[in-house]
Amino acid sequence: MAQSSTETDWVSRFADEVIAESERRAPGKPVVVASGLSPSGPIHLGNLREVMTPHLVADEIRRRGYEVRHLISWDDYDRYRKVPKGIDGVDESWAEHIGRPLTSVPAPKGSSFPNWAEHFKAAMTESLAELGVEYDGISQTAQYTSGAYREQILHAMRHRGDIDAILAQYRTKKDPKAQAEAQAKKSQKPVDEAELEAAEGSGAAAEDDGTGSAGYFPYKPYCGSCDKDLTTVTAYDDDTTEMTYTCTACGFSETVRLSEFNRGKLVWKVDWPMRWAYEGVVFEPSGVDHSSPGSSFQVGGQIVSIFDGKQPIGPMYAFVGISGMAKMSSSRGGVPTPADALKIMEPQLLRWLYARRRPNQSFKIAFDQEIQRLYDEWDKLEAKVADGTVLPADAAAHSRAARTAAGDLPRTPRPLPYRTLASVVDITAGHEDQTLRILSELDPANPVTDLDEVRPRLDRAESWISTHVPADARTVVRSEPDTELLGSLDDEGRESLRLLLEGLDTHWSLDGLTTLVYGVPKVMAGLTPDAKPTPELKVAQRAFFALLYRLLVSRETGPRLPTLLLAVGADRVRKLLGA
Ligand SMILES: [Zn+2]
């Protein structure tokens with residue numbers, strides 16, 4: 001039964017269902033959940049949902065004291081389908097490898113990894129470790145080439161007629177990519193290239209299902225001469241397991257004994273349900289491309305019975321979008337990866353995005369200004385958790401983000417607001433001594449004395465500023481006063497600057513300067529510093545702030561003024577404001 005503190009969130013509800021189903025199917029055995037990733041290129045940040053959905057459910061099940069295996073199937077024995085654009089160290093010559101297993105394709109030039117699949121797996125593995133995802137990685141190359149699936153392959157060949165009959169019910173249906181395009185057309189939405197990439201990346205969606213001129217065979221050998229999968233099985237004998245195939249790429253042909261042969265794989269639509277049965281998978285969500293009628297998930301639900309298995313509980317998850325990165329990534333030719341997100345936000349934040357939304361809700365991961373608002377929201381949530389005013393569902397999402405069953409994720413000891421850190425590093429361009437000076441002045445009663453107190457959040461903010469904030473949005477503090485503007489000020493303008501400068505020394509902290517910059521227009525209007533703001537006063541404040549921005553950074557806006565003043569430093573503020 002669900003625990004009362006977490007019963008309101010989707011993770012807990014799935015955990016209830018998965019535990020109950022696992023008990024029915026395999027009493028007393030570890031609960032098995034699964035994800036599949038194809039290292040056919042950089043693994044798209046959107047595909048992280050394939051891992052995070054079962055991870056969060058597995059983690060909840062672990063927290064309840066059950067044993068769980070979260071399998072991540074590396075689909076590294078899939079064929080190399082195309083040369084992705086914009087990958088460093090890769091040129092058109094990689095096209096000659098199309099049709100070979102991903103583990104037989106050379107890694108990009110300069111890579112320390114032995115092949116293509118390992119190269120792209122490594123980046124993902126690193127991100128998963130940072131995110132606290134505990135899993136058993138299973139290389140499909142290792143499984144197939146070691147003969148681990150021998151019985152299942154022979155079984156599928158024996159039952160090829162049954163499999164063919166199931167597949168035949170769907171063969172007239174459109175493929176998922178065509179469906180995505182048709183859907184987009186219907187809803188008048190432009191086709192999202194990233195969504196299509198994700199659809200393609202999450203399984204061999206468009207792979208042929210094994211139909212050939214000599215009949216239906218669910219197994220495809222990689223050619224013994226050229227290593228490509230452009231092979232056709234021409235004959236198979238159930239008794240001897242002798243299989244003859246020819247290669248349309250190089251003309252090679254041979255007869256092998258499938259009971260001893262380890263260089264090939266089941267076609268995708270058979271491979272997937274075979275593994276559900278082989279591993280006893282109880283929960284494996286999939287993207288919308290796998291959940292439509294005639295999709296691999298639906299067809300697999302019928303094929304799995306041939307292997308005497310059952311379809312897992314498999315919610316469909318919605319696509320995860322990316323904001324503020326599309327332009328940058330397309331100009332580089334690459335795709336946003338989980339590692340890109342983890343460069344600008346702590347793992348807790350990225351986990352939280354997945355934990356707080358049900359799998360069927362889409363959301364966006366922000367690489368633009370929105371990340372500052374996201375961090376504000378997270379800090380507010382942390383404050384509510386700390387003072388006990390948090391709502392149960394929000395508390396559950398927070399807990400799933402901040403820790404796993406194994407313990408708390410490493411956190412920033414002193415989590416200053418992200419937007420403050422971003423403003424400071426924007427102005428100091430990452431100079432550590434200046435950054436420390438400014439941060440130590442934010443709260444003089446309890447100063448930051450070492451930048452390690454504000455790391456790693458500081459590093460994430462710095463990385464965001466330097467890689468995702470366009471040059472024309474960066475803050476450049478003037479080196480010389482704007483004498484023309486200063487000379488054009490009327491008495492009132494000069495007086496307001498005088499009042500500000502007069503108060504600098506006594507207000508030199510984040511709170512103090514906040515009071516000061518809002519207070520000067522009040523005094524100018526004949527009000528007391530604690531007067532309630534009126535519409536007129538707000539207009540005067542906005543005009544005063546715009547003047548300060550123009551004098552300090554030659555623009556009408558910028559980082560919050562108290563932060564900006566601290567960052568510029570009292571001496572330089574005096575110089576630029578004409579004292
Ligand atoms: Zn060949």
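What you see below is based on every heavy atom in this structure, not just the backbone, and it leaves out hydrogens, waters and symmetry mates. Remember, it's 1-based here, ligands and their atoms both numbered in the order they're listed.
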Would you please classify the geometry between the F297 ring and the W276 ring as parallel, tilted or perpendicular, with 30° and 60° separating the classes? perpendicular
Please identify which of these residues, I43, L45, V51, meets the side-chain contact (heavy atoms from CB on, under 4.5 Å) condition with N47. I43
What's within reach of the Zn ion (ligand 1), meaning protein N/O/S atoms under 2.8 Å? C223 SG, C226 SG, C247 SG, C250 SG
List the residues meeting ring-ring contact (aromatic ring centres under 6.0 Å, His included) with W352, not counting sequence neighbours, and say none if there are none. W378
Mind checking what makes side-chain hydrogen bond (donor to acceptor under 3.5 Å, both in side chains) contact with T337, not counting sequence neighbours? D340
Do the rings of Y149 and Y144 sit parallel, tilted or perpendicular, given the 30° and 60° boundaries? perpendicular
Once ring pair (Phe, Tyr, Trp, His ring centres under 6.0 Å) is applied, what residue pairs with a partner in residues 208-242 remain, sequence neighbours excluded? Y77-Y222
